[in-house]
Student: 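Dumping the structure here so I can ask a few things about it.
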Protein chains: 2
Amino acid sequence: MSSKRGPQATRRGRPRQADVARAAGVSQTTVSLVLGGNKQGIVIQEATRERVLEAARTLGYVPDPAARSLATARNSLLGVFSFTATFPTDARHSYHPLLAGVEQEAAAQGYDLVLFTGSSAHGPAATTPEQLDRVRLADGCLFLGRHIPARELRRLVQDGYPAVHVGRRDELEGLAWVGADYVSASADVVRRLADAGHRRVVLVREDDDAPASDDRERGFRLGLERAGLPAGPEAVFRTADPAAELTAERVRAWRADGATAFVAEETDTGGAWRALLDAVAAAGLAAPRDLSLALLGEPPADLVGGPVPTGFDVPRTELGATAVRLLVSVMAGEPLAEEPRGGEPERGEPGGGGRQPGPLVACAFRAGATAGPPPPPPPGTA
Amino acid sequence: MSSKRGPQATRRGRPRQADVARAAGVSQTTVSLVLGGNKQGIVIQEATRERVLEAARTLGYVPDPAARSLATARNSLLGVFSFTATFPTDARHSYHPLLAGVEQEAAAQGYDLVLFTGSSAHGPAATTPEQLDRVRLADGCLFLGRHIPARELRRLVQDGYPAVHVGRRDELEGLAWVGADYVSASADVVRRLADAGHRRVVLVREDDDAPASDDRERGFRLGLERAGLPAGPEAVFRTADPAAELTAERVRAWRADGATAFVAEETDTGGAWRALLDAVAAAGLAAPRDLSLALLGEPPADLVGGPVPTGFDVPRTELGATAVRLLVSVMAGEPLAEEPRGGEPERGEPGGGGRQPGPLVACAFRAGATAGPPPPPPPGTA
DNA sequence: CACCGGAACTAATGCGTATTAGTAGCAGTG
DNA sequence: CACTGCTACTAATACGCATTAGTTCCGGTG
């Protein structure tokens with residue numbers, strides 16, 4: 001039966017170009033030329049071409065992606081490496097919208113996605129160099145997460161490996177990134193509060209030095225300054241444990257002090273916002289009647305049912321798509337070039353407006369239902 | 001500086017075994033032996049081994065999956081192929097937990113994930129053979145989706161490619177699958193209703209022939225039979241448009257007829273359950289006071305805020321993990337063997353109990369708050 | 001009519017790894 | 001001391017495809 005099968009029983013029955021060639025009475029090269037792109041523009045007679053196509057169809061030939069990628073030195077794979085699990089089980093925060101954008105754009109550009117699961121295996125914060133290196137399997141890779149293993153990542157980048165971080169990341173020289181424009185969006189929220197008549201606004205943030213948090217505070221302060229509102233240190237309440245330290249008394253004290261609007265940053269857990277809501281409720285107050293509340297981002301999943309917080313939406317899907325586009329361009333251009341980086345970090349002078357069209361994606365204001373004009377001064381106040 | 005770089009500028013900086021070999025002063029073969037499995041049991045001196053490992057670490061070597069796959073036909077990648085988009089934004093609540101399970105288990109087994117989208121650039125429902133064939137890049141693949149391109153998938157399976165479908169899928173001979181045990185879970189819900197005293201139970205289902213729907217009805221009927229309750233055709237209300245056809249009158253008629261408990265199947269939209277709730281409310285009735293309601297699955301996302309429906313939870317996360325385990329075992333065993341299939345489809349004789357431990361994952365009963373004992377017969381009844 | 005040039009292919013080679021045949025080097029045998 | 005049997009490696013090759021050098025076969029030139 002199987003007379004001249006290869007030396008091994010490796011042949012699963014999947015035909016290869018050599019088989020097609022034999023059937024069509026041509027060489028393997030010709031088959032490759034006909035079935036492959038033939039970008040070299042080599043001329044093939046129509047009759048021969050037909051014979052090859054016919055043979056391929058008959059045998060059910062399908063190219064081996066591994067062999068193809070070996071030969072072309074690219075495999076049409078984009079990596080996604082998350083420093084936490086990509087699909088967190090608690091679903092508190094989710095990369096889902098982001099991935100939707102990544103996936104869509106990747107597909108549009110002709111890439112498939114590889115999810116590197118290394119970080120989810122041994123719990124968080126256990127990214128070994130080996131795991132990160134596995135990433136090189138893909139033509140390029142996206143990185144996600146609040147905190148990154150800078151040392152390992154640096155090597156990758158220095159080797160010229162195309163990497164793009166999702167979220168601002170200036171500390172790593174040479175790493176390209178895309179980010180949401182939290183600065184402008186936060187400043188915008190403050191502006192609207194000021195426009196509504198609020199004269200004193202307080203920001204509640206967690207004690208975490210993630211760039212995303214810092215950007216929000218910067219935008220917050222920027223908004224205050226622009227509106228001519230007090231932006232001293234007391235304008236920001238920073239605490240490691242909002243649930244415990246953000247009490248009803250605290251809220252009352254702020255109000256007595258003239259504050260009528262409160263802003264919380266968004267974090268993985270939504271802790272600041274949650275604590276703010278609780279404290280306000282505990283103080284027997286309600287928004288937007290007695291005071292205004294705003295959230296610099298989106299509420300955690302479990303609070304979605306409640307009233308829509310005033311604040312802004314993070315365009316996660318668009319962010320994902322943008323990240324892919326940047327990555328693709330990094331892969332195309334000189335990976336080590338200095339130009340196509342993350343763009344100017346807009347340090348000292350944020351400029352708020354549409355200064356840098358580059359990797360900063362705008363966040364849309366969300367009117368919501370927790371903010372309005374400040375209440376008339378309570379009776380007991382001067 | 002870069003003196004003896006390869007003949008081409010192809011070398012992007014990704015080191016290969018030859019580079020490691022040079023650095024360690026050994027042959028490429030030795031590197032392969034040390035870094036690869038070395039299943040041949042060839043002896044390598046500890047010192048040499050160390051040198052190779054050290055060199056590999058220093059250079060940041062990582063095996064090329066394409067080359068490896070070409071040489072061995074495996075590369076530690078598991079595919080996940082969705083016949084819709086891999087990350088449908090709206091279906092997020094059903095896919096996310098599943099993917100979480102897949103990710104976790106894949107990581108535990110040492111596999112990374114490749115996400116393949118069937119619908120990519122060419123619009124939905126356009127799964128071309130080429131797209132499906134790309135899957136061969138991974139060692140094995142999980143398939144998701146209500147409807148599958150049977151013809152293309154069959155070829156893959158017949159070629160001996162390790163594939164596992166998530167969700168029951170008997171129609172494709174030879175295709176392994178894992179599914180939730182809707183039959184047992186549904187029967188269990190009915191049993192509990194019967195135990196609570198209900199003598200007449202009605203199932204509301206949509207007009208869709210998905211296996212998941214059929215299984216629920218089978219379980220429902222099985223539960224009725226076991227409890228000795230009437231299981232005639234009138235026990236099931238099947239309609240293409242529950243919202244329109246499931247009216248308050250209908251509910252009243254059923255009650256007048258002695259029915260005290262109503263069960264709805266879970267679907268993508270939750271249409272049946274929603275319609276049931278609406279009709280009951282429109283009839284001026286309330287559960288569990290006037291009647292009992294149960295949902296064979298989980299409520300749609302927008303109803304999560306309301307009262308918890310009595311019913312069962314689909315262990316999606318576990319389902320994902322189980323699917324991965326099955327896939328890994330399929331990959332390990334003879335892919336063409338007849339044994340490690342999806343297990344007996346438990347056709348004709350469902351057996352409800354713990355008959356087949358194989359690929360059927362149990363659903364946990366959820367007490368909820370919409371069911372209880374039947375009310376005392378209303379005054380106007382005989 | 002020796003030679004050029006283009007058309008239409010084919011032979012040969014490389015991609016990076018795994019694996020299968022070796023092959024030096026050396027301690028023991030008989 | 002020629003030979004066996006290890007040990008510890010290395011050379012060579014296969015995998016399936018893309019690509020780069022040919023090669024063959026003409027129909028024209030000068």
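Atoms considered below: every heavy atom in the structure, side chains included; atoms not considered: hydrogens, waters and symmetry mates. Naming convention: chains lettered A, B, ... in sequence-line order (proteins, then strands); numbering from 1 in each chain.
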Student: Please tell me if A:Thr30 has a side-chain N or O lying less than 4.0 Å from either OP1 or OP2 of C:dC9.
Tutor: no
Student: Only counting residues at least two apart or in another chain, list the ones meeting side-chain hydrogen bond (donor to acceptor under 3.5 Å, both in side chains) with A:Arg154.
Tutor: none
Student: For B:Leu137 and D:dC17, give me the distance from atom CG to atom P, rounded to whole Å.
Tutor: 14 Å
Student: Output the rounded distance in Å from CG (A:Asp64) to C1' (D:dA14).
Tutor: 14 Å
Student: So which nucleotide from C:dC15, D:dA18, C:dT19 ends up closest to the side chain of B:Leu33?
Tutor: C:dT19
Student: Is there a side-chain contact between A:Gln17 and the phosphate of D:dA18, meaning an N or O under 4.0 Å from OP1 or OP2?
Tutor: yes
Student: Is there a side-chain contact between A:Thr29 and the phosphate of C:dC9, meaning an N or O under 4.0 Å from OP1 or OP2?
Tutor: no
Student: What nucleic acid atoms does A:Thr72 come within less than 4.0 Å of, heavy atoms only: base, sugar-phosphate, or nothing?
Tutor: sugar-phosphate
Student: Between D:dC15, D:dC17, C:dT17, which nucleotide has the shortest distance from any of its atoms to the side chain of B:Leu70?
Tutor: D:dC15
Student: Would you list the pairs meeting salt bridge (charged side-chain N to carboxylate O under 4.0 Å, His left out) in which at least one residue belongs to residues 35-45 of chain A, sequence neighbours left out?
Tutor: none
Student: Enumerate the protein-to-nucleotides 24-26 of chain C contacts in which both atoms are nitrogen or oxygen and the separation is below 3.5 Å.
Tutor:
none

Student: For B:Tyr111, give me all partners under side-chain hydrogen bond (donor to acceptor under 3.5 Å, both in side chains), at least two apart in sequence or on another chain.
Tutor: none
Student: Between A:Asp159 and B:Arg14, is there a side-chain N and carboxylate O pair less than 4.0 Å apart?
Tutor: no
Student: Can you list, by residue number, the residues of residues 38-50 of chain B that have a non-hydrogen atom closer than 4.0 angstrom to DNA chain D?
Tutor: B:Ile42, B:Val43, B:Ile44, B:Gln45, B:Thr48
Student: Could you check whether atom CD of A:Gln104 has more than 12 heavy atoms from other residues, nucleotides or ligands sitting under 6.0 Å from it?
Tutor: no
Student: Are side-chain N/O atoms of B:Thr58 and B:Glu54 paired as donor and acceptor at under 3.5 Å?
Tutor: yes
Student: Look at the side-chain N and O atoms of B:Ser32 and state whether any lies under 4.0 Å from the OP1 or OP2 oxygen of C:dA18.
Tutor: yes
Student: Can you check the A:Arg68 CZ to C:dG14 C1' distance for me, whole Å?
Tutor: 17 Å
Student: Quickly work out the B:Leu35 CG to C:dA18 P distance and round it to whole Å.
Tutor: 8 Å
Student: Give me the one residue out of B:Asn38, B:Val34, B:Leu33 that meets side chain to side chain contact (heavy atoms under 4.5 Å, CB included) with B:Arg49.
Tutor: B:Val34
Student: Show the numbers, then the answer: is there a salt bridge (Lys or Arg N to Asp or Glu O under 4.0 Å) between B:Asp64 and A:Arg136?
Tutor: CA-CA 8 Å; B:Asp64 179 335; A:Arg136 303 178 113 118; over 6 Å; no
Student: Closest-nucleotide mapping onto DNA chain D: is B:Gly25 or B:Ala67 further toward the 5' terminus? I mean the 5' end.
Tutor: B:Gly25
Student: Just call it for B:Val31: base, sugar-phosphate, or nothing, with non-hydrogen atoms closer than 4.0 Å on any strand.
Tutor: nothing
Student: Tell me: CG of B:Asn75 to P of C:dA18, nearest whole Å?
Tutor: 11 Å
Student: Mind checking side-chain hydrogen bond (donor to acceptor under 3.5 Å, both in side chains) for B:Ser27 and listing every partner two or more places apart, or none if nothing turns up?
Tutor: B:Thr30
